[in-house]
Q: 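Just dropping this structure here.
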Amino acid sequence: MDKRPNFKKIEEKWTKLWNKDLQRLFKFDINKKGNVYIIDSPPPFTSGDAHMGHALGWVWMDFIARFKRIEGYNVYLPQGWDCHGLPTELKVENRLKIPKTDVERFLKACREWTENSIESMKNTFKKLGFVPDWSKEYKTMDRKYKAFVQYTLIRMFEENLIYREEHPILWCPNCKTAISAEESGYIKRKDIFAYIKLPIKEENKSILIATTRPEMISACVVVLIGDGIYVETKEGLIVSKVYAEKEGLEIIREYDANELEEKIVEIPLINREVRIKRDPEVEYEFGTGIVWVCTYGDEMDIKWQKKYDLPVYQCIDTEGRIINSLKEINGLKVEDARKKIVEILKEKGYLYKSEEIEHNVLVHAERSECKHPIELIPKEQFFIRILDLKDKLLEIQKDIKFYPEWMRQRLINWINSLSWDWVISRNRIWGLAFPFLKTKDSKIISVDLEDLPFDPRTDKEKLEKYKRIYGDIEPFSEVVDVWVESSITPLAIILYALIEEKDIDPKDLPRLFNKIKEYVPVDLRPQGYEIIRTWLFDTLVRVYLLTGKKPWKEVLINGMVLAEDGRKMSKSLGNAVDPNDIIDKYSADALRYWALFSSHGDDYRFAWKDIETGQAFLIKLWNLSRYIWMNCKNVDIKNKPGLSKEDVEFLKRLEKLIAKSHSLVGEYKFQEYIKLWRKFVWGEFANSYLEKNKMRVKQGDLAAKWTLLATLRIILAYLHPAFPFTTEEIYSIIFGKKENKKSIIETKFKELESLFPH
RNA sequence: GGGCCCGUAGUCUAGCGGUAUGACGCCCGGCUCACUACCGGGAGGUCCGGGGUUCGAAUCCCCGCGGGCCCACCA
């Protein structure tokens with residue numbers, strides 16, 4: 001053994017072995033029953049480079065997989081790739097300057113870009129010591145993955161779980177695309193808050209409403225008042241009593257709500273009469289205590305429109321311009337129209353006043369730099385029915401174990417906050433097409449299984465076939481939301497295990513699907529908390545709808561990686577550290593030491609000194625082994641000599657530690673595990689037992705030598721899941737040949753039990 | 001506005017009903033034949049503040065203060 005471990009050489013050697021010659025040790029055999037452990041590992045979005053967040057998650061998974069393997073499980077650790085998505089599309093468009101109009105060329109460029117990203121990320125994962133079963137590697141852009149997703153969509157469509165309907169959807173006028181709730185977010189913004197007088201029919205009085213969306217005047221369908229007292233002021237304005245008092249307006253008389261409900265309001269400039277209704281959800285204290293409902297100003301308007309079955313007026317188009325309104329503002333951008341209409345209202349005497357208000361505006365926020373305010377626009381979209389599912393989802397989540405338990409709350413909150421069905425269509429290019437067609441009488445039909453995967457943009461001959469059968473048919477131009485693809489990973493990984501590298505006959509999918517169902521729920525879903533409301537939730541929905549079961553038995557949540565400055569680590573902040581640099585400067589095992597010290601769900605700070613701490617421990621382990629190699633390597637471990645009392649006690653202490661280790665891993669407490677073993681190896685073994693017994697070793701005491709060797713053998717097995725490179729190298733030098741084994745993975749913890757005194 | 005989390009030695013961190021885990025740093029002493037990236041020894045904490053439950057609280061409950069994250073319809 002060298003005086004110092006050459007980490008670079010060791011890493012190169014073992015990375016190659018595990019991923020090639022020894023890859024068989026990491027294979028999941030789906031035909032072997034019993035003792036199966038399946039990890040629904042995340043397919044990372046193929047953004048380009050692996051970051052520290054990946055390093056953390058992938059080390060956790062690899063630790064679990066290795067430990068379970070040595071425990072004797074038939075482990076399935078898959079590696080997939082989430083390929084589709086807007087960021088790739090934008091990169092191809094902007095960097096490679098390929099026009100979206102040339103669809104075939106554009107798609108090809110996206111595919112090439114994605115393949116390159118995968119290679120780069122895969123390389124980093126391998127350097128970390130992460131070893132999946134490569135024979136089942138999947139990409140969401142694979143033909144068979146796409147066919148499978150489309151098959152599940154057809155199934156759901158046939159069970160009436162998917163529908164197409166005109167519905168107000170979140171629409172980004174800037175990106176000209178529908179977005180989902182999870183892509184939107186609120187930001188604080190300053191806007192006009194206009195107080196508008198709405199005359200009451202046949203009375204010389206006006207209702208005063210306050211709004212941030214005066215430009216939507218042509219879409220006003222009802223005026224709502226809340227539970228409270230309303231008053232008439234000297235100026236002939238009807239407002240909440242609270243507002244009148246606050247503004248110091250002279251009150252002439254009070255109304256009760258019933259009296260107001262009789263009245264009809266004339267919407268100025270557009271010549272429409274609307275009713276006044278009382279609704280408990282109106283915030284009496286806010287503004288004038290009165291609201292006009294426009295279709296659709298915000299999500300609340302949708303609720304009220306449905307509740308009172310109000311007519312829908314679309315006053316904004318997909319470009320974010322005003323339509324169907326006054327000729328003065330038609331064609332104007334929303335923001336310009338807002339200013340203009342305020343001027344007009346003022347001119348005509350309908351504007352009571354306008355002020356500035358800071359409020360939360362729904363914008364296109366996540367996975368996007370756009371930040372443009374979102375409009376609600378009625379459009380035909382595909383939906384998955386999830387609203388009816390709330391109670392059921394709340395029920396089944398109870399049966400999934402969460403680590404840490406408190407992360408469950410995020411899922412529950414999200415389920416409770418659902419307010420409409422899941423919009424699954426996107427107006428984009430780099431994505432999966434819908435396996436549906438529209439006939440000339442507007443009926444939606446699924447394509448035949450034999451035609452999967454189906455893409456009307458490129459499969460011209462398949463389209464021809466349907467044209468021959470149905471006459472005029474129309475494909476859908478949208479693509480599927482990326483989460484629809486990634487939300488069936490627990491099922492897709494089983495599909496890949498069943499077929500391995502073979503291609504599939506799509507007509508075989510129903511048979512395969514029935515087989516897949518048998519493996520649900522799988523054992524573990526590891527992921528970060530930031531995608532609980534997307535990936536975790538969506539998977540729960542899809543797997544439940546498709547199989548009637550929960551997707552997993554357990555969920556393990558990791559936190560975000562923070563930079564040394566305590567802020568979120570990100571490229572744009574310039575505080576990101578590349579895992580490859582850490583491995584190059586120190587070692588993969590040192591990086592793993594850092595990753596395993598993170599606790600469940602909490603954000604975790606990166607610090608170079610933690611890497612150094614890990615590195616120091618690895619060197620300690622190396623040198624400790626070196627001493628044993630120098631002094632004890634010729635001892636036959638299978639031939640246990642008579643041990644001294646001290647040796648026996650020491651080994652008994654180790655045996656206790658082992659029992660504790662297994663229970664810690666059962667709860668995925670990696671940090672406690674490392675601490676326990678570090679303390680034992682460095683303190684109790686190296687500095688205490690070994691130091692005390694050096695004399696015996698020198699004198700050739702076989703019992704002491706045997707104890708040292710046996711202890712090291714056990715330590716290597718238990719530290720292997722954490723530090724696979726270093727432990728494999730030491731093992732191969734001291735034990736490999738004698739045991740006729742190439743890797744620690746080939747032995748099982750159970751086999752080591754014979755080394756203990758009983 | 002609601003929810004979740006966090007506040008523990010100089011710094012970071014574990015524990016989450018029995019006076020506290022570990023790392024780094026610091027102080028004193030050692031180049032001892034595997035390792036000076038080491039060895040031996042040591043100092044350092046009113047576990048954010050206040051109240052409550054309990055024989056007993058860092059740990060449970062309530063109220064504050066400070067920090068972070070997530071969600072939300074205030075027109």
Side-chain angles (χ1 to χ4, degrees), chain A residues 1-5 181-182 184-186 191 193-194 196 209-214 216 220 223-224 226 279 281-294 296-304 357 359-360 362 366 376 404-414 416-419 529-530 532-533 559-560 562 564 566-568 586 590 593-594 597-632 669 671-672 674-676 678-679 682-683 686-688 690-691 694 697-698 708:
Chain A
M1 279 177 89
D2 298 338
K3 202 160 180 186
R4 287 266 181 276
E182 62 245 7
S184 68
Y186 284 82
D191 265 316
F193 198 41
I196 302 172
I209 62 106
T211 181
T212 52
R213 304 295 308 265
M216 297 194 78
C220 176
V223 169
L224 298 178
D279 190 281
E281 286 188 82
V282 173
E283 188 63 52
Y284 175 76
E285 304 278 336
F286 184 82
T288 62
I290 306 169
V291 55
W292 74 358
V293 175
C294 302
Y296 297 99
D298 62 34
E299 295 186 29
M300 196 60 211
D301 293 331
I302 297 172
K303 217 163 161 183
W304 279 323
I357 186 174
H359 67 149
N360 292 323
L362 196 62
E366 284 181 36
L376 293 155
E405 180 54 38
W406 52 264
M407 273 296 172
R408 179 193 304 282
Q409 201 57 43
R410 289 205 183 214
L411 173 64
I412 293 174
N413 290 349
W414 180 246
N416 282 327
S417 74
L418 293 174
S419 53
Y529 66 72
E530 83 284 7
I532 287 178
R533 67 197 179 105
M560 301 296 101
L562 306 178
E564 288 202 272
R567 294 184 300 170
K568 198 168 169 174
Y586 293 88
Y593 182 96
W594 167 83
F597 253 73
S598 153
S599 55
H600 300 168
D602 285 329
D603 287 348
Y604 185 48
R605 205 155 171 162
F606 173 78
W608 283 103
K609 71 169 172 37
D610 292 337
I611 302 289
E612 281 166 13
T613 303
Q615 186 86 339
F617 178 62
L618 296 169
I619 290 168
K620 183 73 197 180
L621 177 66
W622 179 268
N623 280 301
L624 165 68
S625 307
R626 188 160 171 264
Y627 173 85
I628 295 169
W629 170 74
M630 287 166 79
N631 294 288
C632 319
K669 290 189 170 172
Q671 191 205 54
E672 295 291 300
I674 302 291
K675 271 178 172 168
L676 196 72
R678 184 191 145 106
K679 202 173 168 186
W682 204 320
N687 294 345
S688 182
L690 187 147
E691 288 298 334
K694 268 186 175 167
V697 170
K698 214 167 183 181
L708 286 172

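Order of the sequence lines sets the chain letters (A, B, ...), proteins ahead of strands, with each chain counted from 1.
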Q: Nearest to the side chain of A:A616 - B:A75, B:A34, B:C38?
A: B:C38
Q: How many angstroms lie between CG in A:L362 and CG in A:D298, if you round to the nearest 0.5 Å?
A: 9.0 Å
Q: Walk along nucleotides 17-22 of chain B from 5' to 3' and tag each nucleotide B, S or - by protein heavy-atom contact under 4.0 Å, base first, then sugar-phosphate.
A: ----BS
Q: Hey, could you give me each pair passing side chain to side chain donor-acceptor pair (under 3.5 Å) that has a residue in residues 620-632 of chain A? Not counting sequence neighbours.
A: none
Q: Pick the nucleotide of RNA chain B nearest each of A:M407 and A:L362; which residue has the one closer to the 5' end?
A: A:M407
Q: Find the partner of B:C4: check Watson-Crick (N1-N3 plus N6-O4 or O6-N4) and G-U wobble (N1-O2, O6-N3) distances, both under 3.5 Å, and reply none if neither fits.
A: B:G68
Q: Expressed in whole Å, how much space separates the C1' atoms belonging to B:C28 and B:C33?
A: 26 Å
Q: Write down the distance separating the C1' atoms in B:A75 and B:C16, rounded off to the nearest Å.
A: 44 Å
Q: Look at all strands and tell whether A:W608 reaches a base, only sugar-phosphate, or nothing, counting heavy atoms closer than 4.0 Å.
A: nothing
Q: Rounded to the nearest 0.5 Å, how far apart are NE2 of A:H600 and CD of A:E405?
A: 12.5 Å
Q: Give me the distance, rounded to whole Å, that separates B:C5 from B:C63 when you measure between the P atoms they each carry.
A: 15 Å
Q: Answer yes or no: side-chain N or O of A:E612 and base N or O of B:A23 forming a donor-acceptor pair under 3.5 Å.
A: no
Q: So does A:N413 get a side-chain nitrogen or oxygen closer than 4.0 Å to the phosphate oxygens (OP1/OP2) of B:G3?
A: no
Q: Over how many whole Å does the gap from A:N687 atom CG to B:U32 atom P extend?
A: 16 Å
Q: Below 4.0 angstrom from OP1 or OP2 of B:C39, is there any side-chain N or O of A:K620?
A: yes
Q: Please determine, for B:C24, whether a Watson-Crick or G-U wobble partner exists with both distances under 3.5 Å, and give it or none.
A: B:G10
Q: With a 3.5 angstrom cut-off on both distances, give the Watson-Crick or G-U wobble partner of B:U46, or none if there isn't one.
A: none
Q: Determine the Euclidean distance between corresponding P atoms of B:U13 and B:G51; express it in Å to zero decimal places.
A: 28 Å
Q: Without decimals, in angstroms, what is the distance between A:D301 CG and B:C73 C1'?
A: 9 Å
Q: Nearest nucleotide by nearest heavy atom, which residue falls closer to the 5' end of RNA chain B, A:I619 or A:R410?
A: A:I619
Q: The side chain of A:Q615 lies closest to which of these nucleotides: B:A34, B:A37, B:C38?
A: B:A37
Q: Take the angle between the ring planes of A:F606 and A:W608 and call it parallel below 30°, perpendicular above 60°, tilted in between.
A: perpendicular
Q: Using a cut-off of strictly less than 4.0 Å, decide whether A:W406 has a side-chain nitrogen or oxygen near OP1 or OP2 of B:G3.
A: no
Q: Under 4.0 Å, heavy atoms only, any strand: does A:D602 hit a base, just the sugar-phosphate, or nothing?
A: sugar-phosphate
Q: Could you tell me how far B:C62 sits from B:C74 if I compare only their C1' atoms? Round to whole Å.
A: 30 Å
Q: What's the spacing between A:I532 CD1 and A:R408 CZ if we round to 0.5 Å?
A: 11.0 Å
Q: If we take the C1' atom in both B:G18 and B:G56, what is their distance in whole Å?
A: 6 Å
Q: Taking B:A9 as the reference, what is the distance to B:G15 when you measure between their C1' atoms (whole Å, please)?
A: 16 Å
Q: I'd like the P distance from B:A34 over to B:G10, given in whole Å.
A: 39 Å
Q: Ion pair present between A:K609 and A:E612, side-chain N to carboxylate O less than 4.0 angstrom?
A: no
Q: I need the A:D602 CG to A:W406 CH2 distance, nearest 0.5 Å.
A: 5.0 Å
Q: Only pairs with both distances under 3.5 Å count, Watson-Crick or wobble alike; so what is the partner of B:A58 in this structure?
A: none
Q: Which part of the nucleic acid does A:K3 contact within heavy-atom distance under 4.0 Å: base, sugar-phosphate only, or nothing?
A: sugar-phosphate
Q: Remember a base hit wins even if backbone is also touched, and classify A:V282 as base, sugar-phosphate or nothing at under 4.0 Å, heavy atoms.
A: base
Q: OP1 or OP2 of B:A14 sitting under 4.0 Å from any side-chain N/O of A:S599?
A: yes
Q: Would you please confirm or rule out a distance under 4.0 Å between OP1 or OP2 of B:U11 and any side-chain N or O of A:K609?
A: no
Q: Of the nucleotides B:G3, B:C38, B:C12, which one has an atom closest to the side chain of A:Q409?
A: B:G3
Q: What contact category does A:W292 fall into here, base, sugar-phosphate, or nothing, at under 4.0 angstrom with non-hydrogen atoms?
A: sugar-phosphate
Q: Look at the side chain of A:N623 and decide which nucleotide, out of B:A23, B:C74, B:C35, has an atom nearest to it.
A: B:C35
